[in-house]
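One structure is given below, encoded as structure tokens.
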There are 2 protein chains.
Amino acid sequence: MPATPNRRERLRAATIGEIHAVARRLLVQEGAGAVTLRAISRDMGMTAPALYRYYPSLDDLLHGLYATFYDESRQHVETTIEAAPGGPGARMFIACRALRAWSIDHPAEFTAMFASRASVKPGGAAPEPGLHAAGMRFADTFLRLFVDLWQHDGIVTPPDADVPPPLAAQLTAFLTQHHVPLPVGAMHAFVSAWVRLFGMIALEVFGYLHFCLTDSQAMFEAELAAIGRQLGLEP
Amino acid sequence: MPATPNRRERLRAATIGEIHAVARRLLVQEGAGAVTLRAISRDMGMTAPALYRYYPSLDDLLHGLYATFYDESRQHVETTIEAAPGGPGARMFIACRALRAWSIDHPAEFTAMFASRASVKPGGAAPEPGLHAAGMRFADTFLRLFVDLWQHDGIVTPPDADVPPPLAAQLTAFLTQHHVPLPVGAMHAFVSAWVRLFGMIALEVFGYLHFCLTDSQAMFEAELAAIGRQLGLEP
DNA sequence: CAACCTGAATTAACACTGTTTACTTTGTCA
DNA sequence: TGACAAAGTAAACAGTGTTAATTCAGGTTG
């Protein structure tokens, strides 16, 4: 891979970008069922088989697209917290709000990201490598934020002895393997907070709170405050 | 609708049942992409257009099938708690474990239920009526359990004044409209607990905890205990 | 009993889909 | 300039949801 890409390689990268843009427009404007090889190629003034020069199948094309969603949401969170004042505690709140805002603003992308794993193949099929890597970068962003929080703000996390042994064993294995400077009690608090944040955002995006809420913003803020309290933070 | 259905109506009901059974087997064993009209009809020894005597489209067939998933999971929860001893507090824990067990045992059905809303149509499309009704029956089961818990066990729910006004207004509207004998503070606690339970189960089923957990059972039990603590219950 | 009608099921067809093969054009590089 | 690889096309195949016209059996009514 040369440092200065050829003219052809630039064209190729531009074409992949256009494929993503067109496929995403179809996904957002006309639904997941409308993003087909022929529809994409039609919008680009090409024929469908030409797309096989860029992806070995439609599934790979979609997984490549979904990986960009992980990166885009992650970058939205990162640029938001970089532009925001305040310490690690305030930054954590801002990051959660930024993730929620992106998800609410991009429901089709959010749904595609989280439904892509189990939708096609049965059984616990291993996720596509590129998608998995993007997901790991995503998780890493929030984990770094939490490590910052733990190191600089003195949040209150439960003592390690409070974590049940079978759970502590798994979390300890993860911490040592990835060199994360966090005690198991703090790691448990991180996963618990993530469960709560994801549950809230997913229910909002999927519309499963409509049965009792017309505008879930207030509920989200209350839940976010509860998460902060759970970590011993003040709003 | 006569009390004693005709012979033809019995045959029709049996056929619909067989359609559901075959479609579900395809969904579970070969993935969501394999449940097609032609595959269903092939397995039943029929032709594809015959299915249009029972459903106006494949989407309607699938929504009818998904509605049975809501009812099945709900009934699994209800029969489990009916056979269990203990007061409302213990029953709530058992109900949460029953829902989790069903979801883990039926990942394809769980995914279909929760991904069906936003997968096909863009925008906030209104859910299909039958599916919506099944979802409401599902929600009602857990809400009744919670009302029982609040009325008989004296759980600790936050005072109504602690609920932010914009959130309290929406919850109060729901409570009065559906004649639920609960204060807003308790209703807020219910929604919060549901957010946490759903988030945990969804992350487990979708495999999004694999990055740090090999067996999420212990994490679920810890989260369930935290939810109980949040409601002022003892395990 | 005969006539009628309704519902179930079929065949044929249409407009799509993902994918493969063979072929042509076009840009790059020695 | 000539050779090579990449990009793109046309044609075809198997499979999809859906519709229209048709046939056949069951139940209802004269």
Side-chain angles (χ1 to χ4, degrees), chain A residues 1-23 25-27 29-66 112 116 119-121 128, chain B residues 1-23 25-27 29-66 112 116 119-121 128:
Chain A
M1 51 186 75
T4 63
N6 297 343
R7 165 183 165 78
R8 262 229 277 247
E9 295 185 4
R10 263 184 294 127
L11 284 181
R12 182 177 179 84
T15 304
I16 290 183
E18 189 183 353
I19 291 173
H20 280 171
V22 170
R25 190 189 61 72
L26 287 168
L27 174 68
Q29 293 185 357
E30 313 190 24
V35 45
T36 71
L37 285 179
R38 289 187 149 91
I40 296 170
S41 62
R42 212 176 298 136
D43 275 27
M44 296 178 65
M46 299 197 328
T47 59
L51 294 171
Y52 283 83
R53 297 285 157 183
Y54 301 93
Y55 292 100
S57 76
L58 174 63
D59 271 353
D60 292 87
L61 190 159
L62 291 176
H63 289 152
L65 178 64
Y66 298 164
S116 64
S119 63
V120 185
K121 301 275 178 179
E128 195 261 346
Chain B
M1 48 186 80
T4 64
N6 297 344
R7 165 182 164 79
R8 266 230 274 245
E9 295 186 3
R10 263 184 296 127
L11 284 181
R12 184 178 177 83
T15 304
I16 289 183
E18 189 183 352
I19 291 174
H20 280 171
V22 170
R25 191 189 60 73
L26 287 167
L27 173 68
Q29 293 185 358
E30 314 192 24
V35 45
T36 70
L37 284 180
R38 288 187 151 90
I40 296 169
S41 60
R42 212 176 299 136
D43 276 26
M44 296 179 65
M46 301 197 325
T47 58
L51 295 172
Y52 283 84
R53 293 284 154 185
Y54 302 92
Y55 292 99
S57 77
L58 174 63
D59 271 354
D60 293 87
L61 191 159
L62 291 175
H63 288 151
L65 178 64
Y66 297 164
S116 65
S119 63
V120 184
K121 299 277 175 177
E128 195 261 345

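Here is the naming used below: chain letters follow the sequence lines, and residue numbers restart at 1 for every chain.
Within the nucleic acid shown, A:Y55 has no heavy atom closer than 4.0 Å to any nucleic acid atom. If you check every strand for non-hydrogen atoms under 4.0 Å, B:T47 touches a base. Residue A:S57 is classed as a sugar-phosphate contact, given heavy-atom separations below 4.0 Å to backbone atoms only.
You'll find that the side chain of B:T36 is closest to D:dT16, out of C:dG18, D:dT16, C:dT10. In the set D:dT18, D:dT16, C:dT10, C:dT10 carries the atom at the smallest distance from any side-chain atom of B:M46. Of the candidates C:dA8, D:dG8, D:dA10, the closest approach to any side-chain atom of A:R53 belongs to D:dG8. For B:Y52, the side-chain atoms get nearest to D:dG17 when compared with the rest of D:dA7, C:dT10, D:dG17. Here D:dG8 is the nucleotide among C:dT10, C:dT19, D:dG8 with the atom lying nearest to any side-chain atom of A:A50. Here the nucleotide nearest the side chain of A:L37, chosen from C:dA12, C:dG18, C:dA8, is C:dG18.
Using a 4.5 Å heavy-atom cutoff, the side chains of A:T15 and A:R53 are not in contact. Looking at B:L61 and B:V35, their side chains never come closer than 4.5 Å, going by heavy atoms from C-beta outward. A:Y55 places none of its side-chain heavy atoms less than 4.5 Å from the side chain of A:L62. For the pair B:E128/B:D59, no side-chain contact is recorded, criterion being any heavy-atom separation below 4.5 Å from C-beta on.
Across the protein-nucleic acid pair, B:M44 atom CE and C:dA9 atom P stand 8 Å apart, rounded to whole Å. Here D:dA5 presents its C1' atom at 15 Å from CG of A:L11, a figure rounded to the nearest Å. Spacing between atom CD1 of B:I19 and atom P of C:dA8 amounts to 10 Å, rounded to whole angstrom units. Between the P atom of D:dT18 and the OH atom of B:Y54 lies a distance of 17 Å, rounded to the nearest Å. Distance CG (A:L51) to C1' (C:dT19): 12 Å, rounded to an integer number of Å. When rounded to the nearest whole Å, the span between CD1 of A:I16 and P of D:dA6 equals 14 Å. Taking atom CG of residue A:L61 and atom C1' of nucleotide C:dT19, one finds them 14 Å apart after rounding to whole Å. For the pair B:R38 CZ and C:dA13 P, the interatomic distance rounds to 14 Å; values are reported in whole Å.
Here the NE2-CG distance, from A:H20 to A:L27, works out to 12.0 Å after rounding to the nearest 0.5 Å.
With hydrogens and angles ignored, no donor-acceptor pair closer than 3.5 Å exists between the side chain of B:R12 and the base of C:dG7.
The side chain of B:R42 places an N or O atom within less than 4.0 Å of a non-bridging phosphate oxygen (OP1 or OP2) of D:dT16.
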